[in-house]
Chemist: 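I have a structure I would like to understand better, so I am pasting it below and will then ask my questions one at a time.
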Protein chains: 2
Amino acid sequence: MKFLNDMALFVEVVKAKSFRGAADAIGMPNSTLSRRISALEKTLGLRLLHRTTRKITLTEAGQIYYERCKRIVDEAKLAQEQLSEMLTQPSGVLRASLPVDFTVTYMAPLIAEFAKLYPGIVFDFDLTSRWVDLVNEPFDVAIRIGKPENSQLIARPLAVLPTYLYASPRYLDRSGEPAKPADLANHECLGIMKADTWTLHNGTNTTKISIGSRFTLNSVGMICRLATLDMGIIMMMEKIVADDIASGRLRRVLPQWRGAPVSACAITATRLLPAKTQHFIKFLQEHLGKV
Amino acid sequence: MKFLNDMALFVEVVKAKSFRGAADAIGMPNSTLSRRISALEKTLGLRLLHRTTRKITLTEAGQIYYERCKRIVDEAKLAQEQLSEMLTQPSGVLRASLPVDFTVTYMAPLIAEFAKLYPGIVFDFDLTSRWVDLVNEPFDVAIRIGKPENSQLIARPLAVLPTYLYASPRYLDRSGEPAKPADLANHECLGIMKADTWTLHNGTNTTKISIGSRFTLNSVGMICRLATLDMGIIMMMEKIVADDIASGRLRRVLPQWRGAPVSACAITATRLLPAKTQHFIKFLQEHLGKV
DNA sequence: GTCCATTGTTTCTTATATAGAACAAAGACT
DNA sequence: AGTCTTTGTTCTATATAAGAAACAATGGAC
């Protein structure tokens, strides 16, 4: 089946009723076209076109072959169109791996809006804290907080979110309110995973401090919950703890300082993405930045 | 439409569920296959296959594209089969240009037999003495007596037919019976077209004599008719004058001598012939030799 | 009849794609 | 866990095909 392309060329020649005309239409030198049709005829073992220097006519075999080829080429065009529709008209199942708390707090309203915008898309979300294996698992996209370690993957930045320090009033009453970053060394600092340093800025200065904690956690929600239970100080994105701030369960610590901003990324295994994924990422990039 | 071939390759990969397997099946290095599929994906703008080093799975787009491609490839195979059927199962219209008298006398019975052998073939014969232009006229084959002058055409020898000299008894009574070839110089020698020499053999010797005639003709039948009307001596194939010999209208002249044998050829514009033409020529070659 | 414009084919240089081996990754077997 | 085998990708010399111009042939215009 090495002559599929030549079939398309043959169709063009028949349509144009001329080698040169077809060559111009395709944008190919007529010499190549002539050679290709000849090669096709040789492969098939019989002549498709009666050539005169002045005009060409189909042989009986050519007539039959043309009918077939036309259908094939039309089919191919259809396939192409259908696929480019997939590229432009987002539809299908969007499988995404999302971080639990960030998604619940920040992305939920955006996803609702996006779902309204593209009724053709069905969503299959896996909310998990682990860094899923995009190569082996059939996710279209993964949203992650922080930098991706695997260089094979394509990461697109979505938003950079500032973080601040929070603790419960009761904790601060008990353990004392830190006045400067260095004071944190004497506090229970609840970080994600095994983070052992926190970087703080106050607009002009940056300081890096070692933190200690009795907890190693991979859940933002759990960290916040522990904070509301007076277990320590957390460095957290604003919206995550908004409710707890409003209700007084938590309050800002070292309000002149802010933590290192965390970046949210959309990660994919390839750049060749269907429209649903492309639009999803684009939508998040446009709307997450304003949060 | 430059990716038709790649579509076929893609189908093979999906069918084999493996690059290597497909490559082996096609007989192509897997490196090429890998590159070609990648190129196809790049052209389409989205990924068709999820690759793991261990197995490959179709993406949503790939699934859709595969369905289409499979149909296209199947269509192409069908077209190929239909055409190869034309190559093996003779059918359709066989358009042939034939010399009038040779066909009526020598070929008629063979054609009848051939027609019985291949019921699928319909015949469109143009009996004419002119050397038709095979390039411009849609003849599948032309049968000609003598050597073809155009080197572009493909000539296949069919038969070599001996010729003898004949005249009517009354002509011989009137003009005298030639005893040796040289005597022909004093006779009315009716040749085809403007033949001005006849070559004669008697088994051991060959002699070439100039002939003169008041007639320039392009019809064998007419020459024979003139001969029966006592107009001169003709050099003719045996069967053409069989009836005239049997009825005594003509009789052999210089019976030790025979004329230069004439060869019948099948002439085609190309070697890429459909089965009907191939079989026709083969049949004539096999049966005309025995006449 | 002669010249001109157009068309399909051929030729020759240059560019592109291919084949084969090396490579990296990952499952399977011990 | 370590090794082996299998699989997809990458690299580079080589073969194949493309492109531009020349060519041959044909039909029309004058």
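In what follows, chains are A, B, ... by sequence order, proteins preceding strands, each numbered from 1.
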Chemist: Over all strands shown, is B:R20 touching base, sugar-phosphate only, or nothing at heavy-atom distances under 4.0 angstrom?
Modeler: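 Base, at least one base atom sits under 4.0 Å.
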Chemist: Side-chain contact test, heavy atoms from C-beta onward, threshold under 4.5 Å: evaluate it for B:I72 versus B:D74 and give yes or no.
Modeler: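 No - every pair of side-chain heavy atoms lies 4.5 Å or more apart.
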Chemist: Under a 4.5 Å cut-off applied to non-hydrogen side-chain atoms, are A:H50 and A:I56 in contact?
Modeler: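 SC-SC contact between A:H50 and A:I56 ruled out.
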Chemist: Could you tell me the boundaries of the chain A footprint on DNA chain C, defined by atoms under 4.0 Å from its heavy atoms?
Modeler: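 Result: C:dT6 to C:dT10.
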Chemist: Dump the intermediate steps for side chain to side chain contact (heavy atoms under 4.5 Å, CB included) on A:M28 and A:L9, then the final yes or no.
Modeler: CA-CA 10 Å; A:M28 164 190 276; A:L9 298 180; 4.0 Å; yes
Chemist: What nucleic acid atoms does A:R36 come within less than 4.0 Å of, heavy atoms only: base, sugar-phosphate, or nothing?
Modeler: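 The answer is sugar-phosphate, as A:R36 gets under 4.0 Å only of primed atoms, P, OP1 or OP2.
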Chemist: Identify every side-chain donor-acceptor pair in residues 13-25 of chain A under 3.5 Å, counting partners at least two apart or on other chains, and give the distances.
Modeler:
{"residue": "A:S18", "atom": "OG", "partner": "A:R20", "partner atom": "N", "Å": "3.2"}
{"residue": "A:S18", "atom": "OG", "partner": "A:G21", "partner atom": "N", "Å": "2.8"}

Chemist: Considering only heavy atoms from C-beta outward, does the side chain of B:I143 approach that of B:L284 to under 4.5 Å?
Modeler: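 Answer yes - side chains close enough.
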Chemist: Output the pairing pattern of DNA chain C as a dot-bracket string, 5' first, Watson-Crick or G-U wobble with both distances under 3.5 Å, | for cross-strand pairs, [ ] for crossing pairs.
Modeler: ||||||||||||||||||||||||||||||
Chemist: Salt bridge or not for A:R51 and A:E41, using N-O below 4.0 Å?
Modeler: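 So A:R51 pairs with A:E41 through a salt bridge.
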Chemist: Just wondering, do B:N5 and A:D6 contact through their side chains at under 4.5 Å, heavy atoms?
Modeler: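 Side chain of A:D6 against side chain of B:N5, heavy atoms only: no contact under 4.5 Å found.
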Chemist: If you assign A:R51 and A:K2 each to the DNA chain C nucleotide with the nearest heavy atom, which residue ends up on the more 5' nucleotide?
Modeler: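 Mapping each residue to its closest nucleotide by heavy atoms, the 5'-most match is A:R51.
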Chemist: Does anyone know the first and last nucleotide of DNA chain D in reach of chain B, 5' to 3', at under 4.0 angstrom to a heavy atom?
Modeler: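 For DNA chain D, the relevant span reads D:dT6 to D:dT10.
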Chemist: Looking at residues at least two apart in the chain, or sitting in another chain, which of them share a ring pair (Phe, Tyr, Trp, His ring centres under 6.0 Å) with B:H279?
Modeler: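 Here the qualifying residues are B:Y118.
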Chemist: Where each residue is assigned the nucleotide of DNA chain C containing its nearest heavy atom, which of B:T32 and A:K17 is assigned the position nearer the 5′ end?
Modeler: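 Checking each residue's closest nucleotide, the 5'-ward one belongs to A:K17.
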Chemist: Would you say CZ of B:R156 has more than 12 non-hydrogen atoms from neighbouring residues, nucleotides or ligands within 6.0 angstrom?
Modeler: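 Yes, enclosed.
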Chemist: Between side-chain atoms of residues 94-103 of chain A and protein atoms elsewhere (two or more places apart, or another chain), which donor-acceptor pairs fall under 3.5 Å?
Modeler:
{"residue": "A:S97", "atom": "OG", "partner": "A:R144", "partner atom": "NH2", "Å": "2.8"}
{"residue": "A:D101", "atom": "OD1", "partner": "A:G221", "partner atom": "N", "Å": "3.3"}
{"residue": "A:D101", "atom": "OD2", "partner": "A:V220", "partner atom": "N", "Å": "3.4"}
{"residue": "A:D101", "atom": "OD2", "partner": "A:G221", "partner atom": "N", "Å": "2.8"}
{"residue": "A:T103", "atom": "OG1", "partner": "A:P99", "partner atom": "O", "Å": "2.4"}

Chemist: Contact class for A:S18 vs. all strands (heavy atom < 4.0 Å): base, sugar-phosphate, or nothing?
Modeler: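 Sugar-phosphate contact only.
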Chemist: Tell me whether the rings of B:F10 and B:Y66 are parallel (<30°), tilted (30 to 60°) or perpendicular (>60°).
Modeler: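 Geometry flag for B:Y66 against B:F10: perpendicular rings.
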Chemist: Report the residue (B:G21 or B:R35) whose heavy-atom-nearest nucleotide on DNA chain D is the more 5′ of the two.
Modeler: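 Result of the comparison: B:G21.
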